[in-house]
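Reviewing the structure listed below.
Because only heavy atoms are used, hydrogens play no part in the values below, and waters and symmetry mates are left out as well, while side chains stay in.
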Amino acid sequence: MNAYRTGFLLAVIGNIVLVAVLAGLWWHYRVGEPVIRAETPSANAAAQVSIEQPAGAAPASTEAPLVPVQISAQRLQSIGVKTGKVERKQVQDEIRTTGTVAVDETKLAYVQVRFSGFIEKVFVDSTYQSIHKGQPLFTVYSPDIVATEREYLVAQQNQQRVAQSTVPGVSSSAASLLTAASERLRQWGVPQQEIDRLESTGQVRQELEVDSQVSGYITERNALPSVAVQPEMRLFSVADLSSIWVQAQVFQNDIGRIKIGDSAALTVSTFPGRTFRGRVDFIYPQMDADTRTAKVRIVSANSDLQLKPGMFVNVALNVPMGRQLVIPAGGVLQSGNRQIAFVERSDGYLEPREVELGARVGDDFIVLKGLKGGEQIVTSANFLVDSESQLQAALGSFVPPPPGAGAASAMNAPQAGVELTSEPSPPRKGSNVFRVKLTNSSGAPISGAEVSLTFFMPAMPQMGMAAMRTPVALSDKGNGIYEGSGELGSRGTWQTTIVAKKNGQAIASKQLSVNATGGM
């Protein structure tokens with residue numbers, strides 16, 4: 001009885017605890033929802049309104065502000081700044097892909113007979129054997145052909161007997177029987193020379209010789225001695241390889257630029273240094289769901305039979321794009337969601353300008369918006385110019401500094417001690433935790449500052465990699481430590497800029513290189 005009472009009390013207590021936990025969770029999630037709170041103003045304070053950001057709202061932009069900068073000619077030379085021209089010119093792109101040689105289906109022929117019979121002898125007895133038009137392929141015995149030839153001879157003899165008959169209709173009837181037998185032989189595909197032989201010799205031949213009507217290579221053979229044949233049987237397939245098809249695989253983002261008639265250059269590792277020419281003949285209307293590619297058919301002459309069906313080839317498609325406004329590829333800085341070009345103004349300033357780009361064509365980009373023909377832009381050391389522009393914006397120099405100021409103004413500003421560490425150390429490709437420690441001239445920690453951290457890796461066209469820029473938001477952790485998480489998109493050397501401001505004034509700036517580990 002005591003055990004029963006104890007169990008009952010434990011069950012009651014467990015239920016009370018469960019209810020309390022559920023109530024706590026309900027209250028926690030309810031108060032965690034976005035709300036708008038207004039506090040009643042007191043006698044000594046103004047009304048305070050606190051508005052919390054709704055869940056799912058877009059985060060504030062992390063793009064650093066940029067301003068025009070002026071850098072001395074000596075400094076431009078020392079950091080390797082070069083300029084290029086925005087110009088309008090005829091553009092021709094090249095799409096490189098791979099393909100496979102296939103038989104030109106328009107030059108494919110089949111050997112069949114129009115009657116039933118039995119194959120007696122086969123003269124072409126192997127696939128990929130070369131044949132020419134008129135070459136004997138096999139002989140066939142057909143009871144229908146033999147019977148019709150005999151009817152032809154009988155009709156011929158009857159016509160000769162009644163040729164001089166004076167009875168109306170007799171001569172014409174005999175002639176019509178001979179014509180009907182002759183026409184039936186032609187409908188069955190019996191060559192005219194066989195009918196002429198039959199008429200001249202008056203002898204029925206038990207075996208009919210079948211000759212090739214085309215020249216080419218035997219790609220399929222079903223004609224074997226003693227095999228019974230029917231009209232629907234395909235006895236030989238003959239391919240003329242004097243021209244071939246190349247089935248090229250083109251990615252989805254390139255297929256819209258290709259047109260029927262575009263020229264193509266084909267190369268094969270078997271023949272180094274030789275280029276075969278072709279043209280686009282057909283674009284297949286279906287995409288491969290796995291590879292996201294579409295087939296493009298290219299026709300190429302193959303008179304010397306160097307290109308063989310099944311051969312793997314490299315394909316370069318020439319795509320004319322007309323007259324376009326272009327800039328050198330090195331003149332574009334990929335800055336987060338923006339594409340920035342630094343334009344050289346007549347007053348000596350480098351102006352950051354957001355541009356909209358089209359396709360890349362060789363070493364150039366097509367410009368859709370933001371630039372005009374004839375303008376000069378920075379084509380190398382863009383990151384250093386970008387860092388200078390960010391620094392001037394952080395210093396509050398929205399009015400262009402005097403000539404030659406540039407980084408000198410930042411160097412003359414009070415500088416705090418800056419120390420960058422990461423976890424893991426060294427950083428790796430992927431997610432990392434970054435910490436910046438700020439100290440004053442006496443080594444004491446600086447709190448309450450705003451610290452921005454930006455990683456940049458220049459473009460590597462040889463490896464097909466665009467420039468990468470990664471801003472990292474840091475929060476004050478106290479005792480002069482500022483911490484934040486960031487994703488590095490690749491291993492290698494990242495050029496890093498640290499800017500610290502306090503009370504709207506820049507207190508430190510530092511540029512350094514950070515080596516990240518891990519895979520590409």
Side-chain angles (χ1 to χ4, degrees), residues 90-110 127-130 214-221 234 236-322 324 329 358-366 460-466 520:
Q90 290 290 338
V91 175
Q92 180 167 303
D93 196 9
E94 185 178 73
I95 299 174
R96 291 187 173 272
T97 184
T98 58
T100 306
V101 178
V103 173
D104 186 343
E105 294 178 6
T106 63
K107 296 183 178 295
L108 190 62
Y110 302 117
T127 56
Y128 285 97
Q129 180 177 339
S130 175
V214 294
S215 299
Y217 289 82
I218 300 296
T219 59
E220 182 184 11
R221 168 180 172 255
R234 183 185 300 172
F236 288 97
S237 296
V238 183
D240 182 359
L241 300 180
S242 60
S243 71
I244 51 88
W245 285 352
V246 173
Q247 305 284 12
Q249 306 289 335
V250 178
F251 285 105
Q252 176 177 322
N253 57 337
D254 291 327
I255 197 68
R257 295 188 286 156
I258 300 175
K259 303 184 297 298
I260 303 297
D262 286 347
S263 61
L266 313 174
T267 56
V268 189
S269 58
T270 310
F271 308 107
R274 180 172 180 182
T275 301
F276 301 87
R277 299 296 174 182
R279 62 176 178 83
V280 175
D281 178 64
F282 185 71
I283 301 173
Y284 288 79
Q286 183 177 3
M287 299 291 298
D288 188 309
D290 296 326
T291 62
R292 308 311 303 165
T293 59
K295 284 184 181 180
V296 174
R297 191 174 74 203
I298 300 168
V299 178
S300 176
N302 189 37
S303 57
D304 54 1
L305 304 179
Q306 296 296 312
L307 298 176
K308 298 172 174 53
M311 185 176 282
F312 182 84
V313 298
N314 297 306
V315 180
L317 292 164
N318 296 317
V319 182
M321 304 182 69
Q324 302 283 351
R360 177 165 181 164
V361 184
D363 295 331
D364 297 328
F365 273 113
I366 295 176
M460 291 181 279
Q462 298 85 353
M463 302 178 63
M465 292 179 57
M520 292 298 292

- Query: Any chance CZ of Phe251 has more than 12 other-residue heavy atoms, nucleotides or ligands included, within less than 6.0 Å?
  - Reply: no
Residues 261-268 side chain polar contacts: donor-acceptor under 3.5 Å, at least two apart:
residue	atom	partner	partner atom	Å
Asp262	OD2	Lys259	N	2.9
Ser263	OG	Asn318	ND2	3.3

- Steps toward side chain to side chain contact (heavy atoms under 4.5 Å, CB included) verdict (Val238, Thr219): CA-CA 6 Å; Val238 183; Thr219 59; over 6 Å; no
- Message: I'd like to know if the side chain of Thr100 and the backbone of Gln247 have a donor-acceptor N/O pair within less than 3.5 Å.
- Response: no
- What is the minimum heavy-atom distance between Tyr217 and Tyr128, and which atoms define it? CD2-O, 3.6 Å
- Item | Backbone N/O of Ile218 and side chain of Thr127: donor-acceptor pair under 3.5 Å | no
- Query: Does the side chain of Leu317 reach to within under 4.5 Å of the side chain of Ile258, using non-hydrogen atoms?
  - Reply: yes
- Taking NZ, NE, NH1 and NH2 as the nitrogens, is one of them in Asp304 or Arg274 under 4.0 Å from a carboxylate oxygen of the other? yes
- Give, for atom CE of Met287 and atom OG1 of Thr293, the distance between the pair rounded to the nearest 0.5 Å. 6.0 Å
- Compare all side-chain heavy atoms of Arg257 with those of Ile95 and state whether any distance is below 4.5 angstrom. yes
- Please determine if Arg221 forms a cation-pi arrangement with Phe236, meaning its NZ or CZ atom is less than 6.0 Å from the six-membered ring centre and no more than 45° off the ring axis. no
- For Ala316 and Arg96, work out which heavy atoms get closest and say how close. CB-NH1, 4.1 Å
- Task: Please report the closest heavy-atom contact between Val315 and Gly99, naming both atoms and the distance.
- Result: CG2-N, 4.0 Å
- Heavy-atom side-chain contact between Phe271 and Phe276 under 4.5 Å: yes
- Rounding to 0.5 Å, atoms OG (Ser300) and CD (Gln306) come to a distance of 11.5 Å
- Could you state the interatomic distance from OG1 (Thr97) to CG (Asn314), rounded to the nearest 0.5 Å? 9.0 Å
- Message: Does any part of the side chain of Thr98, heavy atoms only, come nearer than 4.5 Å to the side chain of Phe312, both counted from C-beta?
- Response: yes
- Message: Are Arg277 and Thr275 packed together at the side-chain level, in the sense that at least one heavy-atom pair is separated by less than 4.5 angstrom?
- Response: yes
- Query: Does the side chain of Asp364 come within less than 4.5 Å of Val91's, by heavy atoms?
  - Reply: no
- Message: A side-chain contact here means heavy atoms from C-beta on lying under 4.5 Å apart; do Pro309 and Leu241 qualify?
- Response: yes
- Message: Quick one: does any side-chain atom of Asn302 pair with a main-chain N or O of Leu307 as donor and acceptor, under 3.5 Å?
- Response: yes
- Query: Which of these, Asp281, Thr106, Ile244, Val246, sits in a side chain to side chain contact (heavy atoms under 4.5 Å, CB included) with Val299?
  - Reply: Asp281
- Step-by-step side chain to side chain contact (heavy atoms under 4.5 Å, CB included) determination, Asp240 to Val214: CA-CA 8 Å; Asp240 182 359; Val214 294; over 6 Å; no
- Query: Side chains of Met321 and Ile366: closer than 4.5 Å at any heavy-atom pair?
  - Reply: yes
- Query: How long is the span from the OG1 atom in Thr270 to the NZ atom in Lys308, to the nearest 0.5 Å?
  - Reply: 8.5 Å
- Message: Please enumerate all residues that pass side-chain contact (heavy atoms from CB on, under 4.5 Å) together with Ser243, with sequence neighbours excluded.
- Response: Asp104, Lys107
